[in-house]
Amino acid sequence: MLLTGKKTAIIGAGPGGLTLARLLQQHGADVTIYERDADRHARQQGATLDLHEESGLRALDAAGLLDAFRAHYRPGADKLRLVDAQATIHFDQHQEEFSAPDFGHAHFRPEIDRGPLRDLLMDSLRPGTIVWNSQLQSLVPAADGWQLQFQDGQMAYADLVVGADGANSKVRARVTPLPPFFTGFTVVEGSVYEAARHVPALWELVRGGKVFALEGTQSIILSAKGDGSLAFYTCQPTAENWVQASGINFRDSAQVAAWFARDFAAWSPVWRELFTAAAYFVPRPQYCMPSISIGQPSPTLPCSATRPTSCRPTPAKA
Ligand SMILES: Cc1cc2nc3c(=O)[nH]c(=O)nc-3n(C[C@H](O)[C@H](O)[C@H](O)COP(=O)(O)OP(=O)(O)OC[C@H]3O[C@@H](n4cnc5c(N)ncnc54)[C@H](O)[C@@H]3O)c2cc1C
């Protein structure tokens with residue numbers, strides 16, 4: 001095998017890095033994942049992920065983890081309601097009369113909470129594969145491979161480095177000079193614990209699945225999680241520096257609630273309870289890469305020429 005006798009470093013223990021590590025270990029490769037989180041419990045994992053037959057499910061199948069996935073996915077969590085700002089339902093998969101697709105069907109998109117998905121992937125790796133508290137700072141050529149330099153001063157060597165370190169990848173610059181560009185939209189993520197008690201009307205609306213509320217260029221996405229919490233994402237057009245320029249302290253729910261009441265003034269008051277009940281908020285300006293293949297010449301169009309006009313996180317589901 002090409003990797004025999006070589007050290008492979010994967011930067012980032014997200015779903016991408018963990019799945020690749022599992023697949024490589026199945027073929028006997030020497031793999032280490034370096035992850036910036038302090039440990040596996042360092043932060044709350046976000047909403048559910050939907051896996052598709054031709055990508056995520058295919059990868060889990062190849063990794064021998066489809067049974068573990070079946071044990072942890074959330075049947076029915078893929079059911080969607082499309083509503084408007086007044087929470088009027090326009091499309092409702094809970095009402096569909098035809099039977100929902102199942103495993104093996106091209107349109108089946110089962111949902112799994114990010115926490116259980118991450119756990120099942122981590123538990124499939126050899127002990128010690130993940131080196132926590134390792135935030136990659138830079139990557140410099142060394143011998144036939146790469147010297148990895150971490151924020152705390154630690155160093156490591158690898159023959160091959162894979163960047164699975166997400167949207168703000170430190171590794172990507174070694175592959176392409178193109179930076180990600182701002183899409184023109186900012187998401188504010190939040191989570192309400194014990195949602196049935198704290199936001200009963202919205203918990204009823206989401207019915208264990210998803211709600212996409214769309215109105216003009218604004219949106220709110222609700223996603224029920226298996227632990228009874230409700231993850232949500234607002235999205236609206238903003239300036240790139242909106243998070244700083246707005247002056248909002250996102251740790252102060254009163255300030256966030258005031259912003260929402262102002263900027264989403266035309267929306268039904270039913271949405272406002274999210275902001276009094278949420279345990280935390282994270283503002284996320286949305287960036288993406290120009291859609292070119294690695295190795296092709298840089299596009300000459302200005303980035304703004306590729307801006308999307310709809311307001312959804314990237315990709316569209318939350
Ligand atoms: C608001 C929102 C909603 C989404 N909803 C969905 C959805 O419903 N369904 C879906 O399929 N996808 C969804 N996505 C996309 C999905 O989250 C990503 O496709 C997926 O997380 C990518 O996985 P990844 O492993 O490549 O990167 P990530 O999940 O971003 O993981 C990257 C990992 O690298 C670590 N890391 C980052 N920098 C460093 C560093 N310098 N050194 C070491 N470690 C580092 C991070 O801590 C993290 O653990 C959504 C994304 C967003 C932003």
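Read the numbers this way: they start at 1 and go in the same order the structure lists the ligands and their atoms.
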CA sep, side-chain torsions, deciding dist, call: F264, F275, ring pair (Phe, Tyr, Trp, His ring centres under 6.0 Å): CA-CA 12 Å; F264 286 69; F275 295 84; 7.7 Å; no
At a non-hydrogen distance cut-off of under 4.0 Å, which region of D50 contacts ligand 1 (side chain, backbone, both, or neither)? both
If we count only N and O atoms by modelled type, under 3.5 Å, do the side chains of S191 and K225 hold a donor and an acceptor together? no
Nearest heavy atom to atom 42 (N) of ligand 1, choosing from I112, N168, L136, belongs to L136
Do the side chain of Q218 and the main chain of D263 share a donor and acceptor less than 3.5 angstrom apart? yes
Tell me, please: is L18 in heavy-atom contact with ligand 1, that is, under 4.0 Å? no
Do S268 and Q86 meet the criterion of a side-chain donor-acceptor pair at a distance under 3.5 Å? no
Pair K7 + D159: basic N to acidic O under 4.0 Å: no
Location of contacts on S134 toward ligand 1, heavy atoms closer than 4.0 Å: backbone
Quick one: does L120's side chain get under 4.5 Å of H72's, heavy atoms only? yes
Between D119 and R40, does at least one N-O distance fall below 4.0 Å, as a salt bridge requires? yes
If you measure from atom 32 (C) of ligand 1 to every heavy atom of S169, A164, G16, which option wins on shortest distance? A164
Nitrogen or oxygen atoms of K210 and ligand 1 under 3.5 Å apart: no
At the 4.0 Å heavy-atom cut-off, does Q137 count as touching ligand 1? no
Using a 3.5 Å cut-off on N or O atoms only, is L49 in polar contact with ligand 1? no
Has ligand 1 got any nitrogen or oxygen that is less than 3.5 angstrom from a nitrogen or oxygen of Q286? no
Would you kindly specify which portion of H52 sits under 4.0 Å from ligand 1, judged on non-hydrogen atoms: side chain, backbone, both or neither? neither
Can you list the ligand 1 atoms lying under 4.0 Å from a non-hydrogen atom of G14? 25 (O), 31 (O), 33 (C), 49 (O)
Quick one: does Q135 get a heavy atom under 4.0 Å from ligand 1? yes
For ligand 1, which atoms have a heavy atom of I11 less than 4.0 angstrom away? 42 (N), 43 (C)
When you look for heavy atoms under 4.0 Å from ligand 1, do you find them on the side chain of L51, its backbone, both, or neither? neither
Under the 6.0 Å and 45° cation-pi test, does R70 pair with F103? yes
Could you name the option among A231, S138, G166 that has the heavy atom nearest to atom 27 (O) of ligand 1? G166
Check whether any side-chain N or O of Q286 sits under 3.5 Å from a backbone N or O of T186 as a donor-acceptor pair, and report yes or no. no
Note: ligand 1 atoms sitting under 4.0 Å from heavy atoms of Y233 are 1 (C)
Just by distance, no angles: are the side chains of E111 and T48 close enough, under 3.5 Å, to form a donor-acceptor pair? yes
May I ask you to identify, for Y34, whether its side chain, its backbone, both or neither come under 4.0 Å of ligand 1 on a heavy-atom basis? backbone
Salt bridge D165-K170, side-chain N to carboxylate O under 4.0 Å: no
